[in-house]
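Structure first, commentary second.
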Amino acid sequence: MIPASLLVFFTYIWITLMSNACAAGEIKKPHQRCFSSVKPTRKQETRMRKDDSTKVWPLKYKQLLHIEDHSFAVRPGFGGSPVPVGIDVQVESIDSISEVNMDRVSIVSIVHYWKDERLAFPSKTNKSMTFDHRLIEKIWVPDIFFVHSKRSFIHDTTVENIMLRVHPDGNVLFSVRITVSAMCFMDFSRFPLDTQNCSLELESYAYNEEDLMLYWKHGNKSLNTDEHISLSQFFIEEFSASSGFAFYSSTGWYHRLFINFVLRRHIFFFVLQTYFPAVLMVMLSWVSFWIDRRPVPARVSLGITTVLTMSTILSGVSASMPQVSYVKAVDVYLWVSSLFVFLSVLEYAAVNYLTTVKERKQFKKTGKISGMYSIDAAQAMAFDGCYHDSTTDTDQTSFSLHSEEDSMQERCTGNLSTDSPRIKRRKSLGGQVGRIILETNHVIDTYSRILFPIVYITFNLFYWSIYM
């Protein structure tokens, strides 16, 4: 009896414990299922609350931006109104400007703004998403190019300098850093006193005005420059932004944006290297006007030296300039200076020729008398040892045949009864040297000493007043 009652008691306890365990298990299972279903949602919300970041989780951006659901081969709003594309430009530097090639090299950062509703994505915090260059190949971007560019490339150190930022409403910001070498059409008619107007032009290559509208995003404030931009030969006077249209007969009208540079050349370098040497050569050629006309090698060598130096200056300037078909300001100055140098050589040729003609005429008059004493008129020398001009020499060849013998001797040797020999020679030398200076100074040399400087100074006044 007792064992049966114990068996019933233990059976009852076992059934009670098992029922409680089952009830407890049923209560815990719903909580586990709820916890496992809530946890992934919280992670997604945490990620969505993150601020703007370039670290986008792998393969999720394609689903978030619906890239696989749309065809980005066509522009946004295809078939409707043209898509507006705003532009901002940051000019970082202007590396070089070449007059020979008529181009200049610039580093610019271009920022594009447009809206593509196909890229819109849901966001509770309205935060944008930033991507690098890898997403550019999968979406539509404006095909902006530089008009009249010779060579351009995107910087790729350490990676391609491209940034793409997409906002939840579909607004897109696309920034790229480019080095571009573009044409700069220059006018050298006033070189080196010139001011050049260069422009960098942006335009869509494929989309005309019916598909794409280019405009400056913030008006004149869309063009920004570095404050430390400087050039060796130019001073940047003005940066300005403007817009216009370009027409092509085969495809129609296109929107075009202009970045205008006004560059004024520094003149100091050319004053030292070109103008100042030219002035020195012209002034050096005037030295020949003060040299006696008798020493022919001295004056000829001086004239040839100045002419050759001016030719060297001209060739140096021409080598650094493009072969243009019009006259430049520096050409005017150098050619006029060369003309003055050349005229100084011709001036001595005229002086030498007229002197020779005059001596021949004197020789014809007195050659007969000089021949009686075997004295050459060109080598006449006074017996007192003083050098005389041809007119003086020819007058003294007849001192032994005329009654002027006494007067000639008194002028050259003095009166023996009143003066000592040393005093007589000093008087003779003083009078002869003064007369030689006056007689050897040709009248052309005298006028050239005055006319050449006056005319050259007048030319400089007109030149600098016109071109400055």
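These numbers come from the heavy atoms of this one structure, side chains and all, not from hydrogens, waters or symmetry mates. Here the structure is a predicted model, which is why all the values come from computation and not from measurement.
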Checklist entry - Quick check: are there more than 12 heavy atoms from other residues, nucleotides or ligands sitting under 6.0 Å from CD of Glu210? => result no
Checklist outcome for this item: Rounded to the nearest 0.5 angstrom, the CG-NZ distance for Asn101 and Lys150 is 5.0 Å
Checklist entry - Between atom NE2 of His148 and atom CD of Glu203, what is the distance when rounded to the nearest 0.5 Å? => result 9.0 Å
Item to check | Residue pair Pro76 / Arg118, side-chain heavy-atom distance below 4.5 Å | outcome: yes
Next on the checklist: Could you walk me through whether Ser222 and Asp88 satisfy the side-chain hydrogen bond (donor to acceptor under 3.5 Å, both in side chains) test, starting with their C-alpha distance in whole Å, then the side-chain angles of each, then the deciding distance to 0.1 Å, before giving a yes or no?
Outcome noted: CA-CA 5 Å; Ser222 295; Asp88 283 342; 2.9 Å; yes
Next on the checklist: If we ignore hydrogens and angles and just use 3.5 Å, is the side chain of Thr274 paired with the main-chain N or O of Val271 as donor and acceptor?
Outcome noted: no
Next on the checklist: If I take atom CD1 from residue Ile313 and atom CE from residue Met281, how far apart are they, to the nearest 0.5 angstrom?
Outcome noted: 6.5 Å
Next on the checklist: Has Gln196 got a side-chain atom pairing as donor or acceptor with Asp187's backbone, closer than 3.5 angstrom?
Outcome noted: yes
Next on the checklist: Treating Arg299 as the side-chain partner and Ser288 as the backbone partner, does any N or O pair qualify as donor plus acceptor under 3.5 Å?
Outcome noted: yes
Checklist entry - Between the side chains of Tyr333 and Asn460, does any donor sit under 3.5 Å from an acceptor? => result yes
Item to check | Inter-residue atom distance Asp156.CG - Asn161.CG, 0.5 Å rounding | outcome: 7.5 Å
Item to check | Geometric class of the Phe459/Tyr463 ring pair [parallel <30°, tilted 30-60°, perpendicular >60°] | outcome: tilted
Next on the checklist: For a 4.5 angstrom cut-off between non-hydrogen side-chain atoms, does Ile178 reach Phe153?
Outcome noted: no
Item to check | Residues, nucleotides or ligands: over 12 heavy atoms within 6.0 Å of Tyr205 OH | outcome: no
Checklist entry - More than 12 heavy atoms of other residues, nucleotides or ligands under 6.0 Å from CZ of Phe276: is that the case? => result no
Next on the checklist: For the CZ atom on Phe462, are there more than 12 heavy atoms of other groups (residues, nucleotides or ligands in this structure) within a distance under 6.0 Å?
Outcome noted: no
Checklist entry - How far apart are the C-alpha atoms of Leu284 and Val287, what are their side-chain angles, what is the distance that settles it, and do they pass the side-chain contact (heavy atoms from CB on, under 4.5 Å) test? => result CA-CA 5 Å; Leu284 184 61; Val287 176; 4.2 Å; yes
Checklist entry - Should we count OH of Tyr248 as having more than 12 external heavy atoms under 6.0 Å? => result yes
Checklist entry - Checking Arg449 side chain against Phe289 main chain: does a donor-acceptor pair fall under 3.5 Å? => result yes
Checklist entry - Can you tell me if Trp114 uses its side chain to pair, donor with acceptor, with the backbone of Val172 under 3.5 Å? => result no
Item to check | Test item: Glu347 and Asp445 side chains (from C-beta on) under 4.5 Å apart, heavy atoms | outcome: yes
Checklist entry - Are side-chain heavy atoms of Ile154 and Ile162 found at a separation under 4.5 Å? => result yes
Item to check | Leu214 versus Leu202, closest heavy-atom pair with distance | outcome: CD1-O, 4.1 Å
Checklist entry - Which word best sums up how the rings of Phe340 and Phe452 line up, parallel for under 30°, tilted for 30 to 60°, or perpendicular for over 60°? => result perpendicular
Checklist entry - Does the pair Met102 and Phe185 meet the rule for a side-chain contact (heavy atoms from CB on, under 4.5 Å), with working shown? => result CA-CA 6 Å; Met102 286 192 182; Phe185 300 99; 5.5 Å; no
Item to check | side-chain contact (heavy atoms from CB on, under 4.5 Å) between Val83 and Trp140, intermediate numbers included | outcome: CA-CA 12 Å; Val83 54; Trp140 181 90; 4.1 Å; yes
Checklist entry - Do Phe131 and Ile139 come close enough that some side-chain heavy atom pair is under 4.5 Å? => result no
Checklist entry - What are the two closest non-hydrogen atoms of Val330 and Pro192, and how far apart are they? => result CB-CD, 3.7 Å
Checklist entry - Around Phe342, counting heavy atoms of other residues, nucleotides and ligands shown, do more than 12 lie under 6.0 Å from its CZ? => result no
Next on the checklist: Assess, by modelled atom type and distance only, whether the side chains of Thr130 and Arg165 contain a donor and an acceptor separated by less than 3.5 Å.
Outcome noted: yes
Checklist entry - Does Tyr254 use its side chain to pair, donor to acceptor, with the backbone of Leu212 at less than 3.5 Å? => result no
Next on the checklist: Any non-hydrogen side-chain atom of Glu92 less than 4.5 Å from a side-chain atom of Asp226?
Outcome noted: no
Item to check | Exercise: identify the closest heavy-atom pair between Met310 and Leu334 | outcome: CE-O, 3.6 Å
Checklist outcome for this item: Rounded to the nearest 0.5 Å, the CD1 atom of Ile259 sits from the SG atom of Cys198 at a distance of 12.5 Å
Checklist entry - Side chains of Phe261 and Ile94: closer than 4.5 Å at any heavy-atom pair? => result yes
Item to check | Main-chain N/O of Val141 paired to Asp143 side chain as donor or acceptor, under 3.5 Å | outcome: no
Checklist entry - Would a distance-only check, ignoring hydrogens and angles, find a side-chain to backbone donor-acceptor pair under 3.5 Å from Arg265 to Phe191? => result no
Next on the checklist: Ring-plane angle category for Phe247 and Trp253, please: parallel below 30°, perpendicular beyond 60°, tilted otherwise.
Outcome noted: tilted
Next on the checklist: For a side-chain contact (heavy atoms from CB on, under 4.5 Å) check, start with the C-alpha distance between Leu257 and Ser243, then their side-chain angles and the critical distance, and finish with the verdict.
Outcome noted: CA-CA 4 Å; Leu257 302 181; Ser243 59; 3.7 Å; yes
Checklist entry - Under 3.5 Å, is there a donor-acceptor pair between the Ser337 and Tyr275 side chains? => result no
Checklist entry - Counting only heavy atoms not in Trp335, do more than 12 sit closer than 6.0 Å to its CH2 atom? => result no
Next on the checklist: Could you measure the distance from the OG1 atom of Thr355 to the CD atom of Glu359? Nearest 0.5 Å is fine.
Outcome noted: 6.5 Å
Checklist entry - When you measure from the side chain of Arg190 to the backbone N and O of Tyr467, does any donor-acceptor pair fall under 3.5 Å? => result yes
Item to check | Nearest heavy atoms of Ala350 and Ile444, plus distance in Å | outcome: CB-CD1, 4.4 Å
Next on the checklist: Would you say His155 and Thr179 are linked by a side-chain donor-acceptor pair, where the criterion is simply a distance under 3.5 Å?
Outcome noted: yes
Item to check | Whether Phe245 and His255 hold their rings parallel, tilted or perpendicular, with breakpoints at 30° and 60° | outcome: tilted
Item to check | Nearest heavy-atom neighbours spanning Leu272 and Pro277 | outcome: O-CD, 3.4 Å
Checklist entry - Would you say His112's side chain and Ile87's backbone share a donor-acceptor pair under 3.5 angstrom? => result no
Checklist entry - Can you name the closest pair of heavy atoms from His167 and Ser128 and give their distance? => result ND1-CB, 3.5 Å
Item to check | Other residues, nucleotides, ligands: >12 heavy atoms within 6.0 Å of Met283 CE | outcome: no
Checklist entry - With a 4.5 Å heavy-atom cut-off, do Asp211 and Pro82 have their side chains touching? => result no
